Amino acid sequence: MKVLVLNCGSSSIKYQFIDTNEKAALAKGVVERIGMSSAVLSHSRYDGDGIKIVGEILDHAIAIEYVLGVMLSKNHGVIDSKEDIEAVGHRVVHGGETFTDSILITDEVMQVLQENIELAPLHNPPNIKGIQAVKRILPNVPQCAVFDTAFHTKMPAKSFLYGIPFELYKKHKIRRYGFHGTSHSYVANKAAEMLGKNINELKIVTAHLGNGCSMAAIKNGISIDTTMGFTPLEGLLMGTRSGDLDPSLILYIMGKEGLSLNEAGTLLNKHSGLIGISGVSSDMRELIASVKEGNKRAQYAFDIFCYRIKKYLGSYAAAMGGLDAFVFTGGIGENSAEVRSEVCRDMEFLGLQIDEEKNQAKAEMISTGNSKIPILRIPTNEELVIAMDTSKIVEEIKVGN
Ligand code: ADP
């Protein structure tokens, strides 16, 4: 099946057109700066052909029209007509407690997505906009939602409840949800495949390290704990997000600096993490370059980033009662040998021994032959999971009809 996968953010849309039979992307691209004066569409085709279009793209619907335009174009296109798009799969950040799996989008589903906006005020509204736009532009094409939270919905209560009055969970649904579920699930399954083992018999820790970062403890194929929580702010240090901190300190800072709720949210989400500590960059490449130049604050940021991953790795091994594999993924996890090396340093006591040569060479298996526990570097592919889930749901409906 040929599926258009959309990841709609507030001012960008990432897309891939995937042939699920071949498990390959026929085209991919991104529209950036939606709503700004000079938006940019960067499109590339499977054969390396590419094009950049700059224009005024005022909203998500126009952006999707542009994407379809380029997909249909004579010189850069991959389809002859809109009918070649058999289904559309959307990455939806928050499925709340309702959606434990990917789902066909119906009016009832849209209703629940609207209700979940409160839980993900930054992420769900653009996801919904994308779905509505496709409904208008491709009214007969089935659409599915694949949730970042779904993979974590089987966590036990001891992992998802916070130490606050229970009524607040009941009343406001305040609990750990976890995010990046599609990625954690994909790389854990890939790891099991690479090890030639059944995922139902493995204890795996996955570290998705991108602009946002999270780790998951995956026991017998189920996410039993994860570092992101009620929102994607908790846990690891990230590009611009603080990750774990003492909850009282934000009240203290608000008092001291006279910050409003909104300003405090912005401080923790946009001005903290790598950029906040280093003052240099939220981008790991730039941060490492600065570390190499001897910048002390960049070094602190790098050290804290790696140290937290180490701490969670140890705690998740304890939570699962053992460890069979450790996986790095995401832009940093896949590309930064420095981060992988620092995270795995002095971890022999836990059975992890990194092979520096393989690590530098970006091998998939980066542990030594003597390492009791394999360390893997696996490129994530959330779009493929979204396409595969979408095609499965749509095929099932066809059979049902
Ligand atoms: P997103 O979470 O937005 O999908 P990515 O998964 O693409 O982001 O990750 C972006 C991060 O990956 C940035 O911090 C970037 O610096 C980092 N990154 C990409 N390439 C490298 C590299 N070669 N070395 C170190 N970090 C890298």
Side-chain angles (χ1 to χ4, degrees), residues 5-16 25 28-33 42 44 91-93 120 122-123 126-127 146 148 178-187 190 206-216 226-228 231-243 269-293 295 298-299 301-306 308-309 327-344 356 359-363 366 377-386:
V5 175
L6 296 178
N7 179 353
C8 299
S10 56
S11 65
S12 74
I13 297 181
K14 288 187 195 147
Y15 65 92
Q16 283 199 18
K28 58 175 82 168
V30 60
V31 188
E32 289 167 297
R33 298 172 56 86
S42 316
S44 64
R91 175 196 181 204
V92 179
V93 170
L122 298 178
H123 295 99
N127 298 157
V146 179
D148 263 31
F179 300 87
H180 292 142
T182 321
S183 177
H184 288 298
S185 156
Y186 175 79
V187 297
K190 261 272 181 251
T206 49
H208 176 106
L209 312 175
N211 283 313
C213 302
S214 72
M215 289 170 72
T226 187
T227 56
M228 282 181 170
T231 72
L233 184 57
E234 195 181 349
L236 301 177
L237 194 78
M238 307 176 215
T240 62
R241 295 179 218 152
S242 65
N269 280 291
K270 304 257 185 233
H271 303 298
S272 298
L274 297 178
I275 180 76
I277 295 167
S278 69
V280 172
S281 176
S282 63
D283 188 299
M284 187 53 87
R285 280 165 294 201
E286 290 171 18
L287 190 86
I288 289 175
S290 190
V291 168
K292 287 181 180 156
E293 284 164 9
N295 183 314
Q299 183 74 56
F302 179 82
D303 290 347
I304 299 167
F305 183 88
C306 298
R308 284 217 189 147
I309 300 168
V327 183
F328 287 99
T329 192
I332 298 172
E334 291 165 29
N335 296 304
S336 176
E338 292 91 343
V339 167
R340 292 191 300 263
S341 178
E342 178 57 26
V343 168
C344 296
E356 264 316 321
N359 183 38
Q360 296 295 336
K362 285 190 170 183
I366 56 170
R377 189 196 71 87
I378 304 178
T380 195
N381 196 343
E382 289 156 290
E383 291 79 10
L384 181 62
V385 178
I386 296 171

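Read the numbers this way: they start at 1 and go in the same order the structure lists the ligands and their atoms. All values derive from a computational prediction rather than experimental measurement.
For atom 20 (N) of ligand 1, the closest heavy atom belonging to the protein is N335 ND2, 3.5 Å. Nearest protein heavy-atom contact of atom 4 (O) of ligand 1 is K14 NZ, 4.1 Å. In terms of protein heavy-atom proximity, atom 6 (O) of ligand 1 is closest to G331 N, 2.9 Å. The single protein non-hydrogen atom nearest to atom 16 (O) of ligand 1 is D283 OD1, 2.5 Å, given as residue, atom name and distance. Annotation: atom 13 (C) of ligand 1 to nearest protein heavy atom, N211 OD1, 3.8 Å.
One distance of note links OG of S282 with CD1 of I277; it measures 12.5 Å at 0.5 Å rounding.
For K270, the side chain to side chain contact (heavy atoms under 4.5 Å, CB included) partners two or more places apart in sequence, or in a different chain, are T266. Under the rule for a side chain to side chain contact (heavy atoms under 4.5 Å, CB included), the partners of E356 that lie at least two apart in sequence or sit in another chain are S341, I354, N359, Q360.
Among the atoms of L209, none of the N or O lies under 3.5 angstrom from an N or O of ligand 1. Residue H208 has no N or O atom closer than 3.5 Å to an N or O atom of ligand 1. The shortest N or O to N or O distance between I332 and ligand 1 is below 3.5 Å.
Only one option out of I304, I309, D303 pairs with L237 in a side-chain contact (heavy atoms from CB on, under 4.5 Å); it is I304.
Closest heavy-atom approach to atom 14 (O) of ligand 1 among the candidates M284, R285, E382: M284.
Taking all atoms of both residues into account, the shortest heavy-atom contact from M215 to T226 is O-OG1, 2.7 Å. D148 and V93 make their closest contact through CB-O, 3.2 Å (heavy atoms, listed as atom of the first residue, atom of the second, distance).
A side-chain N or O of H184 and one of S214 form a donor-acceptor pair less than 3.5 Å apart.
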- Going through the checks in order, is the salt bridge (charged side-chain N to carboxylate O under 4.0 Å, His left out) test met by E338 and K292? CA-CA 11 Å; E338 292 91 343; K292 287 181 180 156; 3.0 Å; yes
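Ligand 1 places these atoms under 4.0 Å from at least one heavy atom of G210: 2 (O), 5 (P), 6 (O), 9 (O).
Ligand 1 has at least one atom lying under 4.0 Å from a heavy atom of G212.
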